[in-house]
Amino acid sequence: MGIARTLIAAGALAAMPAAAPAQAEWPQAPGYYRMQLGDFRVTVLSDGSVERDLPSIMSQPDLVRTRYRAQHQALPARLSINCYLIDTGDHRILIDTGAGELFGAGIAGQLVANLRSAGYAPEDIDTILLTHIHGDHSGGLSIGGRPVFPAATVYVDGADPALWLNKAVEALAPEAQRATFEQSQKTVGPYVAAGRLKTFTAPAALFPGVRAIALRGHTPGQSGYIIESKGQHLLLWGDVIHSAEVQFEDPTVTIHYDVDPKAAAATRAAILAETAESGILVGGAHLSFPGLGHVVRNASGYSWAPRPWSSQP
Ligand SMILES: [Zn+2]
């Protein structure tokens with residue numbers, strides 16, 4: 001018997017708790033993480049995490065199972081939902097809003113609580129940039145049909161509202177996409193009604209130190225945002241990667257949320273090559289919180305090098 005087996009047999013398994021305590025009685029610590037980028041203050045805000053059975057929703061189920069087993073990771077996989085607040089001094093810009101109430105209580109929808117823990121109120125947010133319209137990114141815009149961020153103007157590439165807020169397209173949409181149309185009406189709709197949704201076509205310069213780049217495929221208007229201050233850069237890339245365990249190593253693996261899987265894979269291949277080459281700091285919506293790190297090229301593909309946690313922002 002090897003030493004690892006001996007250790008497990010000696011009691012590691014016996015010491016494991018029978019079941020995790022209910023979230024309400026033993027909640028996770030507040031999920032926010034601070035980082036200075038030049039003159040800008042960046043706060044990563046957790047909206048929570050969701051479990052997804054990735055083999056049943058990714059294009060290569062056997063490869064997904066093999067990769068998770070090799071990395072000693074459980075399935076269903078636990079995916080973070082990360083949002084990013086950029087305080088430029090002049091603006092408080094929130095990138096993505098999490099799922100709001102769409103995934104049910106206690107799973108996601110923790111953005112506002114974590115925003116308050118970090119010292120901000122929803123009223124403080126003047127600008128929201130959506131990487132794309134999907135329940136786990138735009139769902140937190142409204143709760144109960146009412147805007148959560150009363151002072152914010154929302155920006156998104158025009159190709160996404162042209163799809164998800166279009167009644168004529170919805171009528172012809174496949175069953176699997178119907179939920180996104182309904183959720184988009186419910187959560188983005190109130191901002192459209194108030195005249196507070198503005199569209200752009202990526203690539204576009206939006207504010208001093210903030211520009212959008214096109215990352216089309218996952219949705220037709222998915223954008224990344226490059227934040228720049230005093231020569232320091234951060235790319236917030238939305239859903240380029242859903243599974244770090246699989247898609248850095250093999251960028252061809254797609255997920256059934258991709259509106260155009262072929263284009264999504266091509267975009268992933270291109271942006272992984274660019275980010276590995278430039279070494280830019282990346283923030284990913286579903287990479288393990290706070291989802292900050294660098295892309296590294298290796299012999300067989302790419303790998304993810306998480307930015308070390310720091311007690312000094
Ligand atoms: Zn997502």
Side-chain angles (χ1 to χ4, degrees), residues 31 44-54 56-59 64 76-85 94-104 107-111 114 128-142 154-157 159-161 163-165 176-184 186-188 202 212-225 235-248 251 253-261 263-265 267-268 271-272 282-293 304:
V44 188
L45 298 161
S46 172
D47 190 54
S49 63
V50 288
E51 290 190 349
R52 288 289 180 267
D53 184 41
L54 294 180
S56 66
I57 56 174
M58 296 191 94
S59 61
V64 173
R78 204 164 271 171
L79 305 183
S80 290
I81 303 178
N82 305 322
C83 309
Y84 296 83
L85 173 63
L94 179 63
I95 287 125
D96 286 342
T97 64
E101 61 188 351
L102 297 178
F103 293 172
I107 299 171
Q110 297 168 26
L111 168 69
N114 286 322
I128 294 172
L129 309 178
L130 298 175
T131 57
H132 61 296
I133 294 179
H134 257 170
D136 54 325
H137 299 260
S138 47
L141 281 172
S142 304
V154 179
Y155 294 78
V156 66
D157 186 290
D160 265 28
L163 170 65
W164 302 119
L165 296 174
Q177 288 184 2
R178 288 283 161 82
T180 301
F181 283 91
E182 280 166 36
Q183 292 171 351
S184 303
K186 251 173 45 185
T187 57
V188 186
I213 59 167
L215 295 173
R216 301 194 172 94
H218 177 58
T219 67
Q222 180 171 247
S223 306
Y225 295 101
L235 166 63
L236 302 171
W237 73 13
D239 283 6
V240 165
I241 298 283
H242 286 88
S243 169
E245 287 77 359
V246 176
Q247 291 170 302
F248 282 108
V253 179
T254 58
I255 195 161
H256 86 163
Y257 310 119
D258 292 334
V259 173
D260 181 343
T267 290
R268 183 163 38 256
I271 199 70
L272 288 177
V282 170
H286 301 307
L287 299 170
S288 191
F289 177 81
L292 295 169
W304 177 241

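First listed ligand is number 1; within each ligand, the first listed atom is number 1. Side chains are part of it too, since the values below use all heavy atoms of this structure and drop only hydrogens, waters and symmetry mates. Residue numbers run from 1 in the order of the sequence given.
- By the side-chain contact (heavy atoms from CB on, under 4.5 Å) test, Ser46 is found to be paired with Asn114, Phe289, residues two or more places apart in sequence or in another chain being considered.
- Between Ile81 and Gln110, every side-chain heavy-atom pair lies at or beyond the 4.5 Å cut-off.
- Checking His132 against Asp239 by side-chain atom types alone, a donor-acceptor pair falls below 3.5 Å.
- For the pair Ile271 and Leu215, the minimum side-chain heavy-atom distance is below 4.5 Å.
- Partners of Ala77 by side-chain contact (heavy atoms from CB on, under 4.5 Å), not counting sequence neighbours, listed by chain and number: Leu54, Tyr68, Leu75, Leu79.
- For Ala264, the side-chain contact (heavy atoms from CB on, under 4.5 Å) criterion is met by Asp258, not counting sequence neighbours.
- Within the protein, the number of N/O/S atoms found under 2.8 Å from the Zn ion (ligand 1) is 4.
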